[in-house]
2 protein chains.
Amino acid sequence: MGATKTEVFTEQQNSIADLAKAFAHPARVAILQLLVARKACVCGDLVDELDLAQATVSQHLKELKRIGIIQGEINPPRVCYCINPEVWEEARQTFGQMFETITNVTCCN
Amino acid sequence: MGATKTEVFTEQQNSIADLAKAFAHPARVAILQLLVARKACVCGDLVDELDLAQATVSQHLKELKRIGIIQGEINPPRVCYCINPEVWEEARQTFGQMFETITNVTCCN
DNA sequence: ATTTTGTATCGTAATATTGCGATTGATAAA
DNA sequence: TTTATCAATCGCAATATTACGATACAAAAT
């Protein structure tokens with residue numbers, strides 16, 4: 001035990017959880033905010049801005065790439081990162097739906 | 001090492017990350033979806049629906065309570081859970097803002 | 001008072017995540 | 001060719017998370 005039992009959940013639930021992981025760490029939130037704010041790609045500047053070791057930042061970037069919400073383009077010797085618009089839009093919709101469905105919460109009475 | 005360096009991030013970034021954790025596990029997504037769908041409070045039925053041990057479900061409920069996105073009301077011997085509308089709204093706004101800010105992504109060229 | 005019911009908590013094991021120094025690798029610059 | 005630069009990856013340590021059986025607890029029912 002210790003590993004998530006993905007088999008017992010729906011594809012959708014696993015997918016939402018995976019997407020949410022992009023935002024579930026402050027470093028990744030910070031990275032995404034920077035990428036959004038600059039509207040263009042930021043590279044190793046991230047390391048300077050973030051007060052984390054280069055290896056750590058690189059690891060978070062890797063996780064964000066795995067999720068698909070950012071993409072990197074090699075521009076030697078630098079790597080240029082940016083939001084992946086498609087996945088970003090998908091995330092927007094996913095969370096939008098999640099939150100839109102709730103109205104008239106009458107609770108525990 | 002192994003612990004998140006919360007000190008180096010803004011309150012807002014830490015807060016977003018914490019909120020996102022509510023959705024960063026499929027079991028918690030499932031619980032939230034159930035609570036939203038029934039519009040009323042669900043109790044130990046969650047255990048039946050979820051194919052996870054009672055202790056595990058209880059632990060996820062505790063985490064959701066810690067985040068504040070759900071609340072529990074004791075109705076002995078049952079406990080009635082429901083979405084906390086205030087925090088839910090806060091989450092809606094937080095993620096809404098996060099996603100609204102992005103437009104015209106011109107990337108890595 | 002005893003039993004039953006539903007839930008929280010404890011203790012523990014397995015696994016995942018976070019963070020970083022050190023190294024590697026690839027390319028540009030010298 | 002050698003050196004410098006930037007980023008990815010490796011290896012490791014510390015900590016967090018996930019999952020569950022067992023137990024504890026509280027209130028209702030008997």
Side-chain angles (χ1 to χ4, degrees), chain A residues 1-9 13-14 17-32 34-35 41-67 70-82 108, chain B residues 1-9 13-14 17-32 34-35 41-67 70-82 108:
Chain A
M1 313 112 198
T4 295
K5 286 178 73 177
T6 45
E7 335 84 58
V8 307
F9 304 107
Q13 286 160 349
N14 285 313
D18 203 53
L19 249 179
K21 278 184 188 168
F23 300 91
H25 191 287
R28 293 196 289 270
V29 171
I31 290 171
L32 292 172
L34 280 167
L35 292 183
C41 309
V42 185
C43 317
D45 313 307
L46 290 169
V47 178
D48 303 331
E49 306 245 23
L50 284 190
D51 206 353
L52 289 173
Q54 183 263 321
T56 306
V57 174
S58 200
Q59 196 170 292
H60 283 299
L61 288 169
K62 188 182 181 181
E63 174 68 0
L64 289 171
K65 261 194 295 181
R66 184 194 62 75
I67 293 168
I70 68 168
Q71 42 190 195
E73 187 159 293
I74 299 166
N75 206 340
R78 297 153 201 272
V79 176
C80 192
Y81 284 103
C82 58
C108 302
Chain B
M1 314 112 199
T4 295
K5 287 178 73 177
T6 46
E7 336 85 59
V8 307
F9 304 107
Q13 286 160 350
N14 285 313
D18 202 53
L19 249 179
K21 278 184 191 169
F23 300 91
H25 191 288
R28 294 197 288 271
V29 171
I31 290 172
L32 291 172
L34 280 168
L35 292 183
C41 309
V42 186
C43 316
D45 313 308
L46 290 169
V47 178
D48 303 329
E49 307 244 21
L50 285 189
D51 206 352
L52 288 173
Q54 183 263 322
T56 306
V57 174
S58 200
Q59 197 171 290
H60 283 298
L61 288 168
K62 188 181 181 182
E63 174 67 0
L64 289 171
K65 261 194 294 183
R66 184 195 64 75
I67 293 168
I70 69 168
Q71 43 191 194
E73 187 160 293
I74 299 167
N75 206 339
R78 296 151 202 271
V79 177
C80 193
Y81 284 104
C82 58
C108 303

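Proteins come first, then strands; the chains are lettered A, B, ... in the order of their sequence lines, and each starts at number 1.
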Between atom [atom1] of [X] and atom [atom2] of [Y], what is the distance when rounded to the nearest 0.5 Å?
X: A:Leu64; Y: A:Ile70; atom1: CG; atom2: CD1; value: 4.5 Å
X: A:Gln13; Y: B:Leu32; atom1: CD; atom2: CG; value: 10.5 Å
X: A:His25; Y: B:Thr4; atom1: NE2; atom2: OG1; value: 3.0 Å

Worked verdict on B:Lys21 versus B:Ile67 for side chain to side chain contact (heavy atoms under 4.5 Å, CB included): CA-CA 8 Å; B:Lys21 278 184 191 169; B:Ile67 293 168; 4.2 Å; yes
So, using salt bridge (charged side-chain N to carboxylate O under 4.0 Å, His left out) as the criterion, who are the partners of A:Asp45 when residues are at least two apart?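 So A:Asp45 forms no salt bridge (charged side-chain N to carboxylate O under 4.0 Å, His left out) with any residue.
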Can you tell me if B:Asn14 uses its side chain to pair, donor with acceptor, with the backbone of B:Thr6 under 3.5 Å?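 Looks like yes, one N/O pair under 3.5 Å.
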Taking only distance into account, with no hydrogens and no angle test, what donor-acceptor pairs under 3.5 Å do side-chain atoms of residues 49-63 of chain A form with protein atoms, sequence neighbours excluded?
residue, atom, partner, partner atom, Å
A:Glu49, OE2, A:Arg38, NH2, 2.2
A:His60, ND1, A:Arg28, NH1, 3.1
A:Glu63, OE1, A:Arg66, NE, 3.2
A:Glu63, OE2, A:Arg66, NH2, 3.0

First contact, last contact: which nucleotides of DNA chain D are these for chain A, 5' to 3', heavy-atom distance under 4.0 Å?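 Contact boundaries, 5' end first: D:dT5 to D:dC20.
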What does the B/S/- profile of nucleotides 17-30 of chain C look like, 5' to 3', with a 4.0 Å heavy-atom cutoff to protein? BBBBBB----SS--
Whole angstrom is fine here: how far is it from CZ in B:Arg78 over to P in C:dA8?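 Taking atom P of C:dA8 as the reference, CZ of B:Arg78 is at 13 Å.
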Distance check needed: C:dT7 C1' versus B:Leu46 CG, whole Å only.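 One finds 12 Å between C1' of C:dT7 and CG of B:Leu46, rounded.
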Does the pair A:Lys65 and A:Tyr81 meet the rule for a side chain to side chain contact (heavy atoms under 4.5 Å, CB included), with working shown? CA-CA 9 Å; A:Lys65 261 194 295 181; A:Tyr81 284 103; 3.6 Å; yes
